[in-house]
Protein chains: 2
Amino acid sequence: MELDSGTGVPANIAAAWGLRERPGKGPKPGLTLDGIVQAGIRVAAADGIAAVSMSRVAAEAGASTMALYRYVRAKDELLELMMDAAIGDPPAIDPDAGWRAALTAWAWACREVYLAQPWTLRVPISGPPATPHQLAWMDAGLAALADTSLREEEKLSIILLLSMYVRNEAMVAADMQAAVQAVDTSLDEAIATYGKLLKLLVDPARFPALGRVIAAGVLDRADEPHEEFVFGLERILDGVGLLIAQRAGS
Amino acid sequence: MELDSGTGVPANIAAAWGLRERPGKGPKPGLTLDGIVQAGIRVAAADGIAAVSMSRVAAEAGASTMALYRYVRAKDELLELMMDAAIGDPPAIDPDAGWRAALTAWAWACREVYLAQPWTLRVPISGPPATPHQLAWMDAGLAALADTSLREEEKLSIILLLSMYVRNEAMVAADMQAAVQAVDTSLDEAIATYGKLLKLLVDPARFPALGRVIAAGVLDRADEPHEEFVFGLERILDGVGLLIAQRAGS
DNA sequence: CTGTTCTGTGTACGTTATACGCAGTACTAG
DNA sequence: CTAGTACTGCGTATAACGTACACAGAACAG
C-alpha cells in the first residue's frame with residue numbers, strides 16, 4: 001500500500017505524524033526514525049544542507065547508507081522530517097496582548113528559529129503546510145488574530161502572507177551573513193562593496209530612480225541588524241490593521 | 001585573473017553585463033554566450049530546471065558538454081545568466097498614474113514573468129540583485145515611488161519587500177499548479193483534498209484556531225485564481241500608503 | 001519447527017559537475 | 001613566411017550522488 005491504514009494520508013506526511021505501521025514480524029529495528037532525523041539535523045547544523053547526503057547521515061547515525069531507506073522513503077522525505085523537527089513548537093504568546101503585539105512576537109520567534117538553523121531555509125518547500133509543527137505554528141499565528149472580526153479566510157491569508165515574509169527576509173539575512181563570513185569581512189564592508197559595484201554598473205541616465213538611491217548613499221553603510229525586517233513587518237501589520245479597522249467599522 | 005579588466009566586478013556579474021574580454025588570438029568561437037543561455041532557457045522551459053544539466057544544454061546548443069565551460073565558469077553562472085535573460089526588461093509604466101497604480105502594475109507584470117516561466121522561481125538566488133535586467137526591474141519599481149516624499153532608503157526597502165512578496169506568491173502559485181498537473185486534477189479538487197487531509201490530522205482541541213478555519217470551510221473550495229495574490233498585495237500597499245501619508249503629513 | 005516477513009548491508013547503476021590534457025586554429029612577432 | 005602563442009572544442013576521467021536490488025540473518029505466527 002502506498003498510504004498508511006488506507007486513510008488517504010500521503011506517506012511523507014504520515015511519517016511526520018508518526019503514523020507508520022511497523023508490524024512486529026521481522027527483527028527488532030536497530031535504528032529509530034527520530035534518531036535518523038536528529039543525525040540529519042546534526043549534519044545540517046554543522047556543515048549546511050549541502051552536506052546532508054544519505055551516506056553522511058547514515059554515518060552520523062551509525063548505520064550503513066541503505067539502512068536509512070528502511071525508515072525513509074527518499075531523501076526529500078528525510079529533509080521534510082528534519083525541517084519539521086527543527087522548527088519545533090511555537091512559543092506561548094500572551095493572549096491578552098492584542099493582535100499586533102501577538103503577531104509581532106510570533107514573527108520574531110519564527111525568524112529566530114530560521115536564523116538559529118539557517119539550513120532550514122534551504123529545504124525546498126514541497127507543498128502546503130501539513131506537518132505537525134508547521135500546523136502548530138499556523139495555529140499560533142491564527143490564534144493571534146482570534147479576537148479580531150476578520151473572516152477566517154482573511155486570517156489564514158494574513159498568516160500565510162506573514163510567514164512567507166518572515167521566511168523570505170530570513171533567507172536574505174542568512175544569505176548576507178553567509179556572504180560576509182565567506183569573505184571574512186564585516187557587514188558594513190560587504191554593503192559598501194555592493195554599493196561600489198552598483199555605482200560602477202549603474203548608468204544614472206538609464207536607471208534614474210536607482211541612481212538617486214545610490215546617490216543618496218543608502219548603500220554606503222549597513223542598516224541596524226534587524227532594521228530591514230522591522231520595516232517590512234511594520235508595513236504589513238499597518239496594512240492588516242487597516243483591514244481590521246475596516247471590518248470592525250462595518 | 002579572477003576579475004575582468006581589474007575593475008573589481010565579480011566574474012559572474014561581468015558575464016551578465018557582457019564585459020567578458022575575448023582577445024582575438026585563438027580560433028573563432030563556434031558558440032556564443034547568448035546562444036548557450038538561450039539553449040538553457042529552452043531546456044528549462046520544456047522540462048523544468050531539474051532537466052538543465054550541462055550535457056543537456058550542450059546537446060541543445062549543438063556542442064559537447066565541456067565546450068560550455070569555455071563560455072561559462074560553472075553551472076551556477078549559467079543559471080544566473082538564464083535568469084537574467086528570461087526576466088527581460090520591465091514594461092513601461094504610466095508615470096502619471098500615481099504610486100499605487102504604478103506599483104500594482106509593476107507587481108502584476110513581475111508576477112506574469114514568473115508564472116510564464118516557472119523555472120525562474122527555482123533558480124537559487126545567489127546574492128543581491130546586480131544583473132542588468134534585475135536592476136532594470138528595480139529601477140522601474142523605484143520610479144513608481146519617485147513622486148512620493150519617502151526617503152530613498154524607504155523606497156528601496158519597499159521595492160525589496162514587494163519583489164520578495166511577488167516572487168514568493170508566484171512560487172506558491174506555481175507549486176500548486178504543478179501539484180495539480182501532476183495528479184491531473186482540478187485546482188478546486190486539490191484544495192478540497194488538502195482540506196480533507198487537515199480535517200483528518202488536526203485535532204480542534206490541540207489546534208483551536210486552525211480548527212475554526214477548517215470548520216469555516218475555507219479549504220473546501222479554491223479561491224478565485226488570483227485572489228490570494230491581490231489580498232496580500234493590497235495589504236502591503238495599504239501599509240505603504242500609511243507611511244506615505246505619514247511622511248507627507250510631517 | 002517451518003514459513004513469513006522484516007531487518008541491515010554490499011554491490012551496482014545511472015547521473016551529475018567539472019578538472020585535465022590534447023589536437024587543431026587563428027592571430028602576432030619576427 | 002614562419003614560429004610562437006593563446007585560444008578553441010572535445011574526450012576522458014574522477015568523485016560524489018540517490019537509490020534499485022539481492023541477500024543473509026533475526027524475530028515472530030502458525
Side-chain angles (χ1 to χ4, degrees), chain A residues 1-2 4-5 11-12 15 20-37 39-40 43-44 47-82 119 122-124 126, chain B residues 1-2 4-5 11-12 15 20-37 39-40 43-44 47-82 119 122-124 126:
Chain A
M1 269 293 155
E2 287 293 299
D4 292 60
S5 2
N12 50 348
R20 275 262 214 275
E21 305 174 347
R22 252 183 219 283
K25 230 3 183 358
K28 288 271 186 290
L31 303 174
T32 58
L33 222 196
D34 191 62
I36 292 171
V37 169
V43 171
D47 294 336
I49 193 123
V52 179
S53 67
M54 296 304 270
S55 69
R56 177 81 188 274
V57 173
E60 179 74 25
S64 79
T65 305
M66 294 310 293
L68 303 193
Y69 286 93
R70 297 287 174 197
Y71 299 82
V72 155
R73 190 159 299 230
K75 192 190 177 185
D76 286 355
E77 190 175 298
L78 173 60
L79 288 177
E80 201 166 337
L81 294 171
M82 285 168 53
W119 59 267
R122 307 292 177 187
V123 175
S126 51
Chain B
M1 268 294 153
E2 286 293 300
D4 292 59
S5 3
N12 50 347
R20 273 268 213 271
E21 305 174 348
R22 251 182 217 284
K25 226 13 181 346
K28 288 272 184 291
L31 304 173
T32 59
L33 221 196
D34 191 63
I36 292 170
V37 170
V43 171
D47 294 336
I49 194 130
V52 178
S53 68
M54 296 304 270
S55 69
R56 177 79 189 275
V57 173
E60 178 75 25
S64 78
T65 306
M66 293 313 290
L68 302 193
Y69 286 94
R70 297 287 175 194
Y71 298 82
V72 155
R73 191 160 302 233
K75 191 188 178 186
D76 287 355
E77 191 176 298
L78 173 59
L79 289 177
E80 200 167 337
L81 294 172
M82 285 168 53
W119 60 267
R122 309 290 177 188
V123 176
S126 52

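Keep in mind the model is a prediction, meaning the values are calculated, not measured. Note on naming: letters A, B, ... go to the chains in the order of the sequence lines (proteins, then strands), and numbering restarts at 1 for each one. Below, each value reflects all heavy atoms present in this structure, side chains not excepted, and no hydrogens, waters or symmetry copies.
For B:S64, the listed nucleotide lying nearest its side chain is D:dG11; candidates were D:dT19, D:dG11, C:dA17.
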Decide side chain to side chain contact (heavy atoms under 4.5 Å, CB included) for A:D76 and A:N12; before the verdict, give the C-alpha distance in whole Å, the side-chain angles of both, and the deciding distance to 0.1 Å. CA-CA 9 Å; A:D76 286 355; A:N12 50 348; over 6 Å; no
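When the P atom of D:dG18 is taken as reference, atom CG of A:L79 falls 9 Å away, rounded to whole Å. We find that OH of A:Y69 is positioned 10 Å from C1' of D:dA20, with the value rounded to whole Å. Rounded to whole Å, the distance from CZ on A:R70 to C1' on D:dA22 is 10 Å. C:dG10 atom C1' lies 15 Å from atom CG of A:L68, rounded to whole Å. In this structure, CD of B:E21 is placed 17 Å from C1' of C:dC27, rounded to the nearest angstrom. If you take CE of A:M54 and P of C:dC13, they are 21 Å apart, rounded to a whole angstrom. Across the protein-nucleic acid pair, B:R73 atom CZ and C:dA19 atom P stand 11 Å apart, rounded to whole Å.
Within 4.0 Å (heavy atoms only), A:S53 reaches sugar-phosphate atoms of the nucleic acid but no base atom.
Note on A:R22: a side-chain N or O is less than 4.0 Å away from OP1 or OP2 of C:dT7. Under 4.0 angstrom from either OP1 or OP2 of C:dC27 there lies at least one side-chain N or O belonging to B:K28. A sub-4.0 Å separation between OP1 or OP2 of C:dG8 and a side-chain N or O of A:Y71 is present. Note on B:K25: every side-chain N or O is 4.0 Å or more away from OP1 and OP2 of C:dA26.
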